[in-house]
Novice: 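Pasting in a structure now, in structure tokens, and then I'll have a few things to ask.
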Amino acid sequence: MILTSKTAVVTGSTSGIGLAYARAFAKEGANVVINGFGKPEDIEKERAGIEAEFGVKAVYSPADLTKPGEIEGLIRLGADSFGSVDVLVNNAGVQHVAPIEEFPPEKWEQIISLNLSSAFYTMRAAIPGMKQRGWGRIINTASAHSMVASPYKSAYVAAKHGLVGLTKTAALELATHGITVNCISPGYVWTPLVESQIPDTMKARGMTEDEVINEVLLKAQPTKAFVTIDQVAALAVFLASDAASQITGANMAMDGGWTAQ
Ligand code: NAD
């Protein structure tokens with residue numbers, strides 16, 4: 001176990017990739033702070049399940065990461081509950097699919113604040129403690145859309161490209177402090193986020209569900225298969241290990257060859 005007595009804060013970890021990260025870090029011995037929305041009974045089941053299955057402590061923060069004031073409380077919960085925040089995973093994200101001229105401004109603002117600005121605020125709050133201890137891992141979930149664009153995803157593509165710039169800057173600032181900062185950029189991973197954008201894509205492109213899956217989503221991915229949440233989480237665990245201490249400022253693709261094209 002590589003993270004015994006360490007603490008991992010994972011944003012957007014009530015579902016999908018974030019939940020897989022939280023479970024993978026707990027499996028490595030970390031206490032975890034989970035965050036995100038959902039039915040209280042479902043969240044409590046996941047939280048208690050992590051404690052029972054992996055023998056660590058797990059706490060839940062309902063912080064809305066579009067609200068900077070609530071983000072400080074999320075990091076403080078980790079530090080107050082477990083004494084430190086050693087691994088920070090910025091993962092919460094949403095998507096909206098529409099042509100620019102029809103893109104609702106409030107959706108633009110929500111996506112930029114959640115998918116990009118929240119990572120600035122979590123890092124701003126977590127970095128002083130990491131610097132003090134001379135060790136830290138910051139892992140940002142970007143996307144293949146941090147390297148290439150797709151039509152109708154203006155806010156998402158802009159936010160993910162921005163997240164890579166923030167990651168590189170932080171990596172340089174923290175390079176001599178034992179803190180690495182990297183992005184993981186998955187291609188299409190089968191999660192509620194992907195499932196929920198299918199109806200909008202059907203509307204925007206005038207396609208059936210099968211056409212969206214095969215001609216839009218998997219069309220981009222040469223392997224013609226979805227990435228799994230466990231594969232993404234395994235890369236995050238590797239980035240948190242000592243073997244990865246010289247990987248910083250990187251944007252690591254896990255996209256079935258999508259961005260090789
Ligand atoms: P998901 O919808 O399953 O999970 C998103 C999480 O974010 C949930 O826990 C949700 O409650 C939380 N969340 C939403 N709004 C929030 C807010 N305001 N404050 C706090 N938490 C909030 O999505 P996912 O597919 O697991 O995506 C996770 C990350 O991975 C996102 O950043 C996404 O852009 C990225 N990503 C996903 C894919 C994919 O194919 N699924 C591909 C590349 C990148």
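Counting convention: from 1, in listed order, for ligands and their atoms alike.
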Novice: Can you list the atoms of ligand 1 that are under 4.0 Å from a heavy atom of Ile17?
Specialist: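 Counting from 1, the qualifying ligand atoms are 26 (O), 30 (O), 37 (C).
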Novice: Could you check whether Lys67 pairs with Asp64 (Lys NZ or Arg NE/NH1/NH2 to Asp/Glu carboxylate O, under 4.0 Å)?
Specialist: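 Yes.
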Novice: I'd like to check which ligand 1 atoms, numbered from 1 as shown, lie under 4.0 Å from a non-hydrogen atom of Gly16.
Specialist: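 It comes down to these atoms of ligand 1: 3 (O), 26 (O).
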Novice: Among protein heavy atoms, which lies nearest atom 8 (C) of ligand 1, and at what distance?
Specialist: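 Checking every protein heavy atom, the shortest distance to atom 8 (C) of ligand 1 gives Thr14 OG1, 3.7 Å.
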Novice: Tell me the contacting part of Trp190 for ligand 1: side chain, backbone, both, or neither, using a 4.0 Å heavy-atom threshold, strictly below.
Specialist: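 Neither part.
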Novice: Is NZ or CZ of Lys6 both nearer than 6.0 Å to the six-membered ring centre of Trp135 and within 45° of the ring axis?
Specialist: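 Yes, cation above the ring, under 6.0 Å and within 45°.
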Novice: Quick one: look up the protein heavy atom nearest atom 42 (C) of ligand 1 and list residue, atom name and how far away it is.
Specialist: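 That would be Gly187 O, 2.9 Å.
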Novice: More than 12 foreign heavy atoms under 6.0 Å from NZ of Lys224: is that the case here?
Specialist: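 Yes, because the 6.0 Å sphere around NZ of Lys224 holds more than 12 heavy atoms from other groups.
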Novice: Among all protein heavy atoms, pick out the one at the shortest distance from atom 44 (C) of ligand 1; state its residue, atom name and that distance to 0.1 Å.
Specialist: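 Scanning the protein heavy atoms, the shortest distance from atom 44 (C) of ligand 1 goes to Ala142 O, 3.1 Å.
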Novice: Side chains of Asn251 and Ser185 only: does a donor on one sit below 3.5 Å from an acceptor on the other?
Specialist: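 Yes, Ser185 and Asn251 have a side-chain donor paired with an acceptor closer than 3.5 Å.
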Novice: Hey, which atoms in ligand 1 end up nearer than 4.0 Å to a heavy atom of Ala63?
Specialist: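 Matching atoms, with element in brackets: 19 (N), 20 (C).
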Novice: Taking the six-membered ring for Trp and the single ring otherwise, decide whether the centroids of Tyr156 and His96 are under 6.0 Å apart.
Specialist: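 For Tyr156 and His96, the ring centres are not under 6.0 Å apart.
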Novice: Using a plain distance cutoff, I'd like to know if Tyr188 has any nitrogen or oxygen under 3.5 Å from a nitrogen or oxygen of ligand 1.
Specialist: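 No: no nitrogen or oxygen of Tyr188 is under 3.5 Å from one in ligand 1.
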Novice: Treating Ile, Leu, Val, Met, Phe, Trp and Tyr as nodes and any side-chain heavy-atom pair under 4.5 angstrom as an edge, say whether Val194 and Val232 lie in one connected cluster.
Specialist: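 No; tracing contacts between hydrophobic side chains, which count when under 4.5 Å, never links both residues.
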Novice: Decide yes or no on side chain to side chain contact (heavy atoms under 4.5 Å, CB included) for Arg137 and Leu88, but give the supporting numbers first.
Specialist: CA-CA 6 Å; Arg137 293 287 188 269; Leu88 167 64; over 6 Å; no
Novice: Any sub-3.5 Å donor-acceptor pair from Gln261's side-chain atoms to Trp258's backbone N or O?
Specialist: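 Indeed, once roles are kept as given, a pair shorter than 3.5 Å links the two residues.
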Novice: If I take atom OG1 from residue Thr180 and atom CD from residue Gln246, how far apart are they, to the nearest 0.5 angstrom?
Specialist: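 Answer rounded to 0.5 Å: 9.5 Å.
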Novice: Taking 4.0 angstrom as the limit and counting only heavy atoms of Asn91, give me the atoms of ligand 1 inside it, by number and element.
Specialist: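 This gives 28 (C), 29 (C), 30 (O), 31 (C), 32 (O) as the contact atoms.
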Novice: Can you list the ligand 1 atoms lying under 4.0 Å from a non-hydrogen atom of Gly93?
Specialist: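 Those qualifying, in numeric order: 5 (C), 7 (O), 31 (C), 32 (O).
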Novice: Nearest to atom 41 (N) of ligand 1 by heavy atom, Ile34, Val10, Thr191: which?
Specialist: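 The residue whose heavy atom sits nearest atom 41 (N) of ligand 1 is Thr191.
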Novice: Relative to the ring of His145, is the ring of Tyr188 parallel (under 30°), tilted (30 to 60°) or perpendicular (over 60°)?
Specialist: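 Correct class here is perpendicular.
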Novice: Can you pull out the closest protein heavy atom to atom 21 (N) of ligand 1? Residue, atom name and distance to 0.1 Å, please.
Specialist: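 Ranking protein heavy atoms by distance from atom 21 (N) of ligand 1, first comes Gly36 CA, 3.6 Å.
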Novice: Please classify the Ala144 to ligand 1 contact at 4.0 Å (heavy-atom distances, strictly less than): side chain, backbone, both or neither.
Specialist: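 Contact part for Ala144 vs ligand 1: neither.
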Novice: Assess, by modelled atom type and distance only, whether the side chains of Asp86 and Ser84 contain a donor and an acceptor separated by less than 3.5 Å.
Specialist: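 Short answer, yes.
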Novice: Would you check whether Lys160 reaches within less than 4.0 Å of ligand 1, judged by its heavy atoms?
Specialist: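 A heavy atom of Lys160 does come that close to ligand 1.
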Novice: Give the residue and atom name of whichever protein heavy atom lies nearest to atom 4 (O) of ligand 1, and the separation in Å to one decimal.
Specialist: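 Looking only at protein heavy atoms, the one closest to atom 4 (O) of ligand 1 is Ser15 OG, 3.7 Å.
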Novice: What is the closest protein heavy atom to atom 12 (C) of ligand 1, and at what distance does it sit?
Specialist: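 Nearest protein contact, heavy atoms only, for atom 12 (C) of ligand 1 is Gly12 CA, 3.6 Å.
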Novice: Does any N or O in the side chain of Arg47 come within less than 3.5 Å of the main-chain N or O of Ala58, such that one atom is a donor and the other an acceptor?
Specialist: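 Yes; judged by distance alone, with no hydrogens or angles, the pair exists.
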Novice: I need the nearest protein heavy-atom contact for atom 11 (O) of ligand 1: residue, atom name and distance, please.
Specialist: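 Ranking protein heavy atoms by distance from atom 11 (O) of ligand 1, first comes Phe37 N, 2.7 Å.
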Novice: List the closest protein heavy-atom neighbour of atom 18 (N) of ligand 1: residue, atom name, distance to the nearest 0.1 Å.
Specialist: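 Closest protein heavy atom to atom 18 (N) of ligand 1: Asp64 OD1, 2.8 Å.
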Novice: Could you see which bit of Asn115 sits under 4.0 Å from ligand 1, with heavy atoms only: side chain, backbone, both or neither?
Specialist: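 Within the 4.0 Å criterion, Asn115 makes no contact with ligand 1.
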Novice: Among side-chain atoms of Tyr21 and Thr141, is any donor-acceptor pair under 3.5 angstrom?
Specialist: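 Yes, a side-chain donor-acceptor pair sits under 3.5 Å.
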Novice: Numbering the atoms of ligand 1 from 1, which are under 4.0 Å from a heavy atom of Ser13?
Specialist: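 Going through ligand 1 atom by atom, the ones under 4.0 Å from Ser13 are 9 (O).
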Novice: What atoms of ligand 1 come closer than 4.0 angstrom to any heavy atom of Val194?
Specialist: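 Going through ligand 1 atom by atom, the ones under 4.0 Å from Val194 are 39 (C), 40 (O), 41 (N).
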Novice: Please list, in number order, the atoms of ligand 1 under 4.0 Å from a heavy atom of Asn35.
Specialist: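 Answer, ordered by atom number: 20 (C), 21 (N).
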